[in-house]
Protein chains: 2
Amino acid sequence: MSSAALKPPETFFHSKLFRGLGHEELAPLAAICQRRRIPSGEQLIRQYSAAQHVYVVVAGTLMIERLSRSGRRQVIAFSYPGDYIGFTNTEDYEYSVVCLREAELQVFPRREFLTLVDRFPTLKANARQVGGNVLAQTLDQLFALGQKKAHERLCFLLAQIGRRQCGAHNADIELIMSRQDIADYLGLTIETVSRAFARLKAMQLVEIVSAHRIRVLDRSVLEELASVQ
Amino acid sequence: MSSAALKPPETFFHSKLFRGLGHEELAPLAAICQRRRIPSGEQLIRQYSAAQHVYVVVAGTLMIERLSRSGRRQVIAFSYPGDYIGFTNTEDYEYSVVCLREAELQVFPRREFLTLVDRFPTLKANARQVGGNVLAQTLDQLFALGQKKAHERLCFLLAQIGRRQCGAHNADIELIMSRQDIADYLGLTIETVSRAFARLKAMQLVEIVSAHRIRVLDRSVLEELASVQ
DNA sequence: CGCCCAGTTGATCATTATCAAGATTTGTGG
DNA sequence: CCACAAATCTTGATAATGATCAACTGGGCG
């Protein structure tokens, strides 16, 4: 864990949170920023623990999930580079965060970070927008779970991941998470997820290169089935 | 629509948003606050319209919903006195709001309201908490839709309404919304909702006084089935 | 009074879950 | 690098749950 104060500010450019900021804003941010590397499989945030930090994903993939006493699990989101994590308004985190693929994160003490958010209008506007995106994304997922069939929900996830990693080549979708993770994200079982993949393949919407690599053959139909609008 | 500037500040006390505020904070709030009465059935917010106002419910009940192009509907929340509405971080509302029971609202111009939020730390803390509650509530609903069976989802709604109106007598739950509204909130059909009621009755958890009045007979079991923790 | 609408109940169908078996991938040690 | 074990994923058969279609009930209101 080394201070990022010595790092060039370009490392901040990965997130919407820091878009349009000048050196006078980035410098104090860098001053309170630390770096953290999380190996795959490790937990970053434990549900119900005190919310002391805000994170920005620089590299890797993480999964946000919620467990109930009865042992049921709801996956809330998959986090990619540029996403922020832990920006809750409550005292405690209401979810756990685990690392799916070795990740690198920027770590900010929550209180100091919020102070800077208050001080810099651009940062504040960004934070508000990013916070709004989280709610919007959750509402999308809510719509998918409430109104869509299994194969439509899977399209919803594929389209979402496709949009996220469109910076890469736009042909293949890489599924870092397991079938169980997908099932718990979509409110299904692994068997139903597997059959939903088979169905999309039969519909010639996708080609299943491997269990974790999906080639989209008809993006427009995929988007149509995925649409929550 | 009359300005609330002339009204006594007690009318503000209904919402968490205004808890702990002194006169120096309430006065400028009152200065930008207007009152609005909405008749039952009328629309307060149209999906995708520009987010220009923030509302606080003083009386009545409203329903927040989202419609897709394909005609499917997801009900997102039912709003009771003390709740705020429209406090989005995006440019446009991503949902519609309709009135279920004649409502009275405080109306604040969004921009001016946010300026005051910035100026007053207590108000800011309150706004943050309330905003956090919305996300928390949406995550609860997400868990219910993803992980729970029909009768458990119904318990989730009943427990939620029970908590909201517990200021009243704690015996009966009044359901202002229709069975279709409940169905679209829980991601079910009206028939399944009806059968879920019958099941809870058979389990002796509730008594169905009338279609819109439910007597809870065993709160602890109801809460257990409703629990998302 | 009788219509209309919301809600309920019943019969049947479709979808998803569960249980079980096989296939494939991944990880590990030789 | 291969072989084997373990874990993950897929597929099949069956059961449970919820959706759909249809008929019926009951309360509110002209």
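Just so you know, these numbers use all the heavy atoms, side chains as well, and skip hydrogens, waters and symmetry mates. Just so we're on the same page: letters track the sequence lines, and every chain starts at 1. These numbers were taken from a predicted model, which means no experiment stands behind them.
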Any donor-acceptor pair under 3.5 Å joining the side chain of [X] to the base of [N]?
X        : N      : result
B:Arg199 : D:dT17 : no
B:Glu191 : D:dC21 : yes
A:Arg195 : D:dG12 : yes

> For DNA chain C, whose closest nucleotide is more 5', that of A:Thr192 or that of A:Ser210?
Replying inline: A:Thr192
> Quick one: on DNA chain C, does B:Lys149 or A:Ala211 contact a more 5' nucleotide (nearest heavy atom)?
Replying inline: B:Lys149
> To the nearest angstrom, how far is A:Phe197 atom CZ from D:dT11 atom P?
Replying inline: 12 Å
> Can you tell me how far P of D:dT8 sits from CD1 of A:Ile176, to the nearest Å?
Replying inline: 17 Å
>> Below 4.0 Å from chain B heavy atoms, what is the first contacting nucleotide of DNA chain C and what is the last?
In response: C:dG7 to C:dA11
> Do B:Phe108 and B:Tyr55 pass the ring pair (Phe, Tyr, Trp, His ring centres under 6.0 Å) test, and can you show the C-alpha distance, the side-chain angles, and the key distance before you say yes or no?
Replying inline: CA-CA 6 Å; B:Phe108 301 89; B:Tyr55 304 89; 9.0 Å; no
> Does DNA chain C take part in any stems of at least 3 consecutive Watson-Crick or G-U pairs (both distances under 3.5 Å), and if so, which ones?
Replying inline: C:1-30 with D:1-30
>> If we count only N and O atoms by modelled type, under 3.5 Å, do the side chains of B:Gln160 and B:Tyr185 hold a donor and an acceptor together?
In response: yes
> So, B:Ser220 and B:Asp218: side-chain donor and acceptor under 3.5 Å apart, yes or no?
Replying inline: yes
Less than 4.0 angstrom from a charged side-chain N to a carboxylate O is my criterion; do [X] and [Y] meet it?
X        : Y        : value
A:Glu42  : A:Arg37  : no
B:Arg219 : B:Glu224 : no
B:Asp83  : B:Arg164 : yes

>> Students often get this wrong, so: under 4.0 angstrom with heavy atoms, is A:His151 touching a base, only sugar-phosphate, or nothing?
In response: nothing
> Heavy-atom distance under 4.5 Å between the side chains of A:Phe78 and A:Met177, does that happen here?
Replying inline: yes
>> B:Tyr93 vs B:Tyr48, test: ring pair (Phe, Tyr, Trp, His ring centres under 6.0 Å). Steps then yes/no.
In response: CA-CA 5 Å; B:Tyr93 297 117; B:Tyr48 304 130; over 10 Å; no
